[in-house]
Amino acid sequence: MTKLAVFASGSGSNFQVIAEQFPVAFLFSDKPEAYVLERAKNLGVTHYSFELKDFANKETYEEALVQLLDQHQIDLVILAGYMKIIGPTLLAAYEGKIINIHPAYLPEFPGAHGIEDAWKAGVKESGVTVHWVDSGVDTGQIIKQVRVPRLPEDTLETFEERIHQAEYQLYPEVIAELVKRF
Ligand code: GRF
């Protein structure tokens, strides 16, 4: 069986949707106060949290992550709102096994504010992308993406909600495809 780990830094709504559909070996958060840890507790998913600042540098922080991933024999690392760039240490050990979801239609609107940036640009449609993770920011090979319209009556909030709903569909679809390969 494919062993999955999810990394998240925030609310964890994507984690929740994933954990309700697939067995998740563990959830990691780099933010000890993040709500995603509550969700993991409530779902009975093993969870870990430590912060970059507790380590001498990013290399030793990522060594600790690699150790966790190795220990659980993880096949696929699912980034779901994990707000750190994956560094060389983690990539060296797990490149080709890490995926990310981005709330825009890449290569349009990369970066931390994909939804707001698309909104401010006044697009008629944006989207959601799942991609492999490489050393860039939202530059890895695209696995699957969907378009999401912006409607004339939208507010930023309703637009954002439609994007999130598309994420909750797309990410499990891609994960279901990938777990068949392992
Ligand atoms: C999602 O919009 C995801 O695309 C982005 O960060 C957000 C995480 O939301 N990378 P949540 O923590 O899953 O609710």
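Both ligands and their constituent atoms are indexed starting at 1 by order of listing.
- Taking all atoms of both residues into account, the shortest heavy-atom contact from His102 to Pro110 is NE2-CA, 3.7 Å.
- Every atom of ligand 1 is numbered from 1 in the order shown, and the set under 4.0 Å from a heavy atom of Ser13 is 11 (P), 12 (O), 13 (O), 14 (O).
- In terms of polar-atom proximity, defined here as any N/O pair under 3.5 Å, His102 makes no such contact with ligand 1.
- When Asn14, Val17, Val6, Leu79 are ranked by how near their heavy atoms come to atom 9 (O) of ligand 1, first place goes to Asn14.
- Nearest non-hydrogen protein atom to atom 7 (C) of ligand 1 is Gly81 CA, 4.2 Å.
- Among protein heavy atoms, the minimum distance from atom 3 (C) of ligand 1 is reached at Glu167 OE2, 3.1 Å.
- Looking at Glu62, its side chain does come within 3.5 Å of a backbone N or O of Leu90 through a donor-acceptor pair.
- Distances below 4.0 Å separate heavy atoms of His164 from the following atoms of ligand 1: 2 (O).
- Considering only residues two or more places apart in sequence or on other chains, Lys120 meets the side-chain hydrogen bond (donor to acceptor under 3.5 Å, both in side chains) condition with none of them.
- Scanning for side chain to side chain contact (heavy atoms under 4.5 Å, CB included) contacts around Glu95 gives Leu91, Asp134, with sequence neighbours left out.
- The distance criterion of under 3.5 Å between nitrogen or oxygen atoms is not met by Tyr168 with respect to ligand 1.
- Between Gly12 and ligand 1, an N or O atom pair is found at a separation short of 3.5 Å.
- Side-chain N or O atoms of Thr155 include one that pairs as donor or acceptor with a backbone N or O of Thr158 at under 3.5 Å.
- Remark: Arg147 is positioned above the aromatic ring of Tyr105, its terminal NZ or CZ atom under 6.0 angstrom from the ring centre and at most 45 degrees off the axis.
- Any N or O atom pair closer than 3.5 Å counts here, and Ile115 shares no such pair with ligand 1.
- For atom 10 (N) of ligand 1, the closest non-hydrogen atom of the protein is Ile101 O, 3.2 Å.
- Below 30°, between 30° and 60°, or above 60°: for Tyr61 and Phe50 the angle between ring planes is above 60°, a perpendicular geometry.
- Within the structure, the closest approach of Met83 to ligand 1 does not fall below 4.0 Å when heavy atoms are considered.
- Ring geometry for Tyr48 against Phe26 counts as perpendicular: the plane angle is over 60°, on a 0 to 90° scale with 30° as the lower cut.
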